[in-house]
Amino acid sequence: MASPITILKIDGDGIGPEITNSAVTVIDSAVRRAYKSTKKINWLTVPAGKVAQKEFGSSLPKKTIDALKRYRLLLKGPLETPVGKGIRSLNVQLRLLLDLYANIRPVKYMNGLESPIKNPERIDMVIFRENTDDLYTGIEWPYNSSEANSLRKFLKKEFKIKLDSDAGIGIKPMSKSKTERITRMALNYAIKNRRRSVTIMHKGNIMKYTEGAFREWAYSVAENEYGGKFIKENELNGSKVLPKGKILINDRIADNMFQQIITRPESYDIILAPNLNGDYISDAAGALIGDIGILGGANIGDNGGVFEAVHGTADKYAGLNVANPMGIIKAGQMMLDHIGLGKASELISKAIDYSIKEKRVTKDIARYLGSKPLGTSEFTENLIKKIDQGV
């Protein structure tokens, strides 16, 4: 038997422990079915969030940080971040700690969901969001702080820029090197998976030297590093037919992007976005399929990854055996693909498809299908049964 692969697990807050443990049992079942005794995952639970705060006085204790630096792979349940004041986002801390510069979120319609748009079957996007730059670096100060006051004085003296005395201040950094590496990851994905287009989402008409630069740097990477594999929109001369072997690369201003994924979602395939835009468009795209709770996401760098559901902690449903674990299960599938266990990931996909087809799903989906809902544990057991049957 091969040495087991050690993967860290954070159970999370709210419904986190229920859905995370569901995902673990489903993943273990799929790995066992696909690889017999030749592959195995060794799960190592590490503390974070509310429980860690109570026990260790920190929501991200040193023992967890040390384990992350050593193993660099994590399946994470949802963690709560207070709005306005309190601890800094744990999600952001984890991304910066391991330099997980790419947030990847596939958004594809699943039969049986009730979408708010007419043709949801046309939705099949993968969003690449830069993860470590932009406003999420957290460089900001309250309006009444000494730092904000000093910065206002500096800007006025050195650049003749006057800010209101009651204005909070944040800094939006966007670097060439970070833009280039997320672009490469998105373009490589497009080539490997035979996708048809990559769209750069930006607000460069207003923020010319940050988001405008993001656009220019992304185009430059495609043009200078990929040997003619990509073709710009203006090079098509109005034609809607791509030359054989070419992938379209284009760009859209952010507000227009939001309109177009609703009115013509079939036009968008890979979306490449800076951090803030990527955050917004990921949830908006997820809403189009009818249930953001079924989506998983990956935070990936050159040497590690954190895989998570994209929804929140949903505290009011904690312990009621009603939460849908599909989002974190799908995140687990992305993790399996990332570590080379794609056969197990495919087994899980088939099990989920059969469960939806048979209307054996949790309450959030069952209400659309007119079926009797399964609890979290019953849904998990059903998936494992399908995997064991090799459906």
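Just so you know, these numbers come straight off a predicted model, no measurement behind them.
N205 and E211 form no side-chain donor-acceptor contact under 3.5 Å, judged by distance and modelled atom types alone. A side-chain donor from one of N382 and R360 sits under 3.5 Å from a side-chain acceptor of the other. Side-chain contact of K9 with T45: a donor-acceptor pair under 3.5 Å is present, judged by distance alone. Counted by atom type alone, W141 and N149 present zero donor-acceptor pairs between their side chains at under 3.5 Å. Side-chain contact of Y143 with D164: a donor-acceptor pair under 3.5 Å is absent, judged by distance alone. There is no side-chain donor-acceptor pair under 3.5 Å between N277 and H202. Side chain to side chain, D315 and T313 meet the donor-acceptor criterion of an N or O pair below 3.5 Å. No donor-acceptor contact under 3.5 angstrom links the side chains of R122 and Y109, judged on distance only. In summary, the side chains of N299 and N103 do present a donor paired with an acceptor at a separation below 3.5 Å, with no hydrogens or angles considered. No hydrogens or angles considered: nothing links the side chains of D11 and T20 as a donor-acceptor pair under 3.5 Å.
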**OP:** Determine, stepwise, if the pair R184 / Y226 fulfils side-chain contact (heavy atoms from CB on, under 4.5 Å).
**Re:** CA-CA 9 Å; R184 293 185 190 104; Y226 283 83; 3.6 Å; yes
**OP:** For salt bridge (charged side-chain N to carboxylate O under 4.0 Å, His left out), just list the numbers for K178 and E130, CA-CA rounded to whole Å, side-chain angles, deciding distance to a tenth of an Å, and then say yes or no.
**Re:** CA-CA 8 Å; K178 289 182 177 181; E130 203 291 320; 5.8 Å; no
**OP:** Go through the steps to decide whether R152 and D166 satisfy the test salt bridge (charged side-chain N to carboxylate O under 4.0 Å, His left out), and finish with yes or no.
**Re:** CA-CA 10 Å; R152 279 192 291 266; D166 58 354; over 6 Å; no
**OP:** Begin with the C-alpha distance, continue with both residues' side-chain angles, and end with the deciding distance and a verdict on side-chain contact (heavy atoms from CB on, under 4.5 Å) for V31 and K40.
**Re:** CA-CA 7 Å; V31 170; K40 185 179 180 181; 5.6 Å; no
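Side-chain contact between P106 and M334: present, with at least one pair of heavy atoms (C-beta onward) separated by less than 4.5 Å.
Looking at N321, its side chain does come within 3.5 Å of a backbone N or O of T376 through a donor-acceptor pair.
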